Structure formats: C-alpha cells, structure tokens
Amino acid sequence: KKRSHDVRNYYAANRIEGKGKGYLPLGPRKDSWNIFEKIKSDPNFTMKPSSQRQFAFNAVFSKDTNEGRAILANIIEEERTETSLPIFTSIADKWTRDVNSPRTAQLPTYKY
C-alpha cells in the first residue's frame, strides 16, 4: 500500500564522531498529517513559499520514541542559540497515545 505522507531525512555529519555520516529519519504524526490533508482540501488553501513561512523548520516529537530523536533533541537545544533562523519546537520526553490529553506534554493536534 502506498503511503500518503512523506518522510524527511536529516543528518549532521559533524555530530557523529568516528562513524561518518548518519541520519535521523523523521516524519509526520499520522493525526497531524490527516489534519493537514483536511486543511489542504479547502479551495482557498495555498501553500506559502518557504521564504514567507513563519518558521525555517519545526521539530515536534517525543524523545523516547527513538534513540535518534533523543540525540536530535540535544542537537536542536545546543544549536538553538547558534542560529538566527526561527525554529518551532515541541519536544516531549515521553510519548503517549492520546496527544490531545491535558496530561501529556505532547503538542495537541488543534495547536498546529
């Protein structure tokens, strides 16, 4: 079955000592992708060019879902003060099934 959402790969060659290049596979949460598809179905929807977007990139994930994501969270935190690019982050320590619960630190879908 063909997936309806894509996956992006990012790597930081200067962060993996002695192992060469590596990458951290990231992709959208299924619930956020479904919301995005609904928004795109509006006849008035237009995708802004990247130069007009509020953020250069975003990082919305939970550290405990993958060892690579915990590493990425540390990289983002360390590099955050090194860049002038606007970055949106919502990084939870623990994943929970119900992201819209007030008891989780995850970003609720209605705040996207």
Side-chain angles (χ1 to χ4, degrees):
K1 182 178 173 182
K2 184 179 175 187
R3 292 183 180 207
S4 62
H5 61 280
D6 68 359
V7 175
R8 310 280 170 140
N9 294 317
Y10 302 88
Y11 68 91
N14 64 339
R15 293 292 183 163
I16 303 173
E17 291 135 11
K19 295 185 181 179
K21 295 181 182 178
Y23 69 93
L24 300 166
L26 301 176
R29 288 188 335 209
K30 184 70 173 155
D31 58 341
S32 63
W33 184 260
N34 291 341
I35 294 291
F36 180 58
E37 288 294 309
K38 185 176 180 181
I39 291 168
K40 284 187 351 182
S41 70
D42 184 323
N44 298 317
F45 173 81
T46 57
M47 184 76 75
K48 287 184 181 180
S50 57
S51 61
Q52 295 177 10
R53 295 181 191 154
Q54 183 178 0
F55 299 106
F57 75 90
N58 68 63
V60 179
F61 58 89
S62 300
K63 291 180 189 178
D64 70 338
T65 56
N66 179 286
E67 182 181 322
R69 290 187 178 191
I71 294 168
L72 179 60
N74 290 334
I75 291 170
I76 291 169
E77 188 60 36
E78 290 170 7
E79 300 292 329
R80 180 172 219 119
T81 58
E82 304 285 325
T83 182
S84 62
L85 294 173
I87 302 167
F88 176 82
T89 62
S90 179
I91 302 172
D93 287 331
K94 295 186 185 257
W95 178 86
T96 58
R97 180 176 298 278
D98 183 5
V99 298
N100 294 320
S101 168
R103 290 182 266 164
T104 179
Q106 293 171 271
L107 181 69
T109 54
Y110 60 85
K111 289 194 175 183
Y112 276 40

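Heavy atoms only: backbone and side chains are in, while hydrogens, waters and symmetry mates are out. Here, residue 1 is the first one in the sequence, and each next residue gets the next number. Everything numeric in this text was worked out from a predicted model, so none of it was measured.
Looking at Asn66 and Phe61, their side chains never come closer than 4.5 Å, going by heavy atoms from C-beta outward. Looking at Leu85 and Phe57, their side chains never come closer than 4.5 Å, going by heavy atoms from C-beta outward.
Closest approach of Ala105 and Ser90 over heavy atoms only: O-OG, 4.4 Å.
With values rounded to the nearest 0.5 angstrom, Asn74 atom CG is found 6.0 Å from Lys63 atom NZ. Between atom CD1 of residue Ile39 and atom CG of residue Asn34 there is a gap of 11.0 Å, rounded to the nearest 0.5 Å. Interatomic distance, Ile91 CD1 to Ile76 CD1, rounded to the nearest 0.5 Å: 4.5 Å.
Under the 3.5 Å distance criterion, the side-chain polar atoms of Gln106 are matched with a main-chain donor or acceptor of Thr96. Side-chain atoms of Thr65 come within 3.5 Å of backbone N or O of Ser62 as a donor-acceptor pair.
A 6.0 Å sphere centred on NZ of Lys40 holds more than 12 heavy atoms belonging to other residues, nucleotides or ligands. Within 6.0 Å of atom CD in Gln52, more than 12 heavy atoms from other residues, nucleotides or ligands are found, so the atom counts as buried in its surroundings.
Classified by interplanar angle (parallel below 30°, tilted 30° to 60°, perpendicular above 60°), the ring pair Phe55/Phe88 is tilted.
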